[in-house]
Every structure is written in structure tokens, then in C-alpha cells.
Amino acid sequence: MKIKICGIRREEDVRFLNKSMPDYAGFVYAPSRRNVTPEQALFLRRRLDRRIQVFGVFVNAPAEFICERVKEGSIDAVQLHGDESEQDILELKRQVMVPVIKAVRVREAADIWLADQLPCDFLLLDTFSSAGYGGTGKTFAWQMIPEGLEHPFFLAGGLDEHNIRQALEQAGCYGVDVSGGVETGGVKDGQKIRRLVEIVRSLQR
């Protein structure tokens, strides 16, 4: 079970991750209170333990911008969280040799089935909101997730130390993606990160 802590934007956040050692971190390049500039991302990447891979989160960004982030070494994988099409994904994969993750804003099972046909490497299942492309802090009905998906998937949306066990038992996911669930007062909380990582790791023993 993989653990991704998304929305890393402070040097202190990096220190928290270097202590708790999740599998992945996420830099948000899209409009958000958690977004980072390319310069900030490079600064943080150089201080992050190299064993922690970084996802770059993009919403309808130009392919050139995404490719620059890969080539400069600030990210190890691309997470597309907007309205990117099959053609957009194919063109991106032609230009960069890193995993591509497509986020799905889930309203019904059909949303997941449709996304499962896309030429990406992973899916990320998140809660739908008409107000934006993610970061709702709310869960969706995990029972909507179909069995037999072609793509491994990350589960996102409202996960924290209090519901992570239930999520892992019900969803059958490849990994979990957590952001607001490990924050206090809008910033990453080292104790919450540590506890969540410990819970997930304990379930793997």
C-alpha cells in the first residue's frame, strides 16, 4: 500500500516527510492555497529524501510547462487533475518518460469506467465538486468503485487517520493520497503525518 502526502509547500513539510517516509509527495502547480512555483518546487525537491518520489499536480496545464518540470528534475511523475483528454495524455507520454496519473472526480461508477479506458499508468479517484478540481476534504461513496479495473488507483478525498483503515478495507486501492487530512490550521502537521503513515504501515504487517 503506497502513501502519498500531497500539497507540500514548506521546508518544514519536507522535514516532516523525511522523518515519516511516505512513498510519494505531491507538489501542486495548479491554482490552490497549496500551490508552489517551479522555483519553490526545485528548492523543496533538493531537500526531500531521494527515496520519496514526487508527483507534480497539474490542472489543464500546457504540455510544455509539464515537460519542463520533469526535465528540470523537480518531479518524478505527472498527475493530471483537469479535463485532459486521451489525446492530451498520449502527447504528454510521447514527450516524457515518467508515469502519468489521471485524476477522476467521481460522481458515479461510470466516471471511473470511462477513465479506466484512458492511456495513463494510474488513476486517482477523488470526490467530485462543482466548485473546483479537487481538494474538497470530503469522501465519496467507496462502494461505487468497480471491481476489475485495468489501472491501479490511488484513493483520495477526505482521508485522515480516523477513516484510513476503513478506506483501505473497502476500496482495494493501490495507494492513498492525503492532504488536508494531515493538516492543522491549513498547514501540514508532522504528528498527523506520522500517525497516518504508522497506521497504513501497520496494516501491511
query = In terms of hydrophobic clustering (I, L, V, M, F, W, Y; side-chain heavy atoms under 4.5 Å; direct or indirect links), are Ile89 and Ile101 co-clustered?
reply = no
message = I'd like to know if the side chain of Gln87 pairs up with that of Ser85 as donor and acceptor (distance under 3.5 Å, no hydrogens or angles considered).
response = no
Which pairs would a plain distance check flag for residues 50-58, meaning a side-chain donor or acceptor within less than 3.5 Å of a matching protein atom at least two apart in sequence or in another chain?
from	atom 1	to	atom 2	distance (Å)
Arg51	NE	Asp49	OD1	3.0
Arg51	NH2	Asp49	OD2	2.9

inquiry  = Check this for me, if you would: do Arg33 and Glu183 make a salt bridge, where the nitrogen-to-carboxylate-oxygen distance has to be below 4.0 angstrom?
reply    = yes
key: Under-4.0 Å salt bridge between Arg165 and Glu169   = no
query = How about Asn35 and Ser32: does a side-chain donor come under 3.5 Å of a side-chain acceptor?
reply = no
message = I'd like to know if Lys188 and Glu12 make a salt bridge, using a cut-off of under 4.0 Å between side-chain N and carboxylate O.
response = no
message = On the six-membered ring of Phe43, is Arg45 placed so that its NZ or CZ lies under 6.0 angstrom from the centre and within 45° of the ring axis?
response = no
message = When you measure from the side chain of Asn18 to the backbone of Met21, do you find a donor-acceptor pair of N or O atoms at a distance under 3.5 Å?
response = no
request  = Identify, with sequence neighbours excluded, every residue that meets side chain to side chain contact (heavy atoms under 4.5 Å, CB included) alongside Glu161.
outcome  = Lys192, Arg195, Ile199
ask   = Within the distance-only criterion (no hydrogens, no angle test), does the side chain of His151 pair as donor or acceptor with the backbone N or O of Phe122 below 3.5 angstrom?
value = no
note = Cluster membership besides Leu90, Ile/Leu/Val/Met/Phe/Trp/Tyr side chains within less than 4.5 angstrom, sorted by chain and number, is none
ask   = Rounded to the nearest 0.5 Å, how far does CG of Asp88 lie from CG of Asn60?
value = 8.5 Å
task = Begin with the C-alpha distance, continue with both residues' side-chain angles, and end with the deciding distance and a verdict on salt bridge (Lys or Arg N to Asp or Glu O under 4.0 Å) for Asp177 and Lys4.
result = CA-CA 5 Å; Asp177 181 294; Lys4 174 172 171 267; 2.2 Å; yes
key: Partner residues of Lys2 under the side chain to side chain contact (heavy atoms under 4.5 Å, CB included) criterion, sequence neighbours left out   = Asp23, Tyr24, Phe154, Tyr174
key: With sequence neighbours excluded, residues passing side-chain hydrogen bond (donor to acceptor under 3.5 Å, both in side chains) with Glu91   = Arg94, Gln95
message = Checking Ser179 against Arg34: is there a side-chain donor and acceptor pair closer than 3.5 Å?
response = yes
query = Are the side chain of Asp116 and the backbone of Ile112 linked by a donor-acceptor contact shorter than 3.5 Å?
reply = no
note = Sequence neighbours excluded, the answer for side chain to side chain contact (heavy atoms under 4.5 Å, CB included) partners of Pro62 is Glu64, Phe65
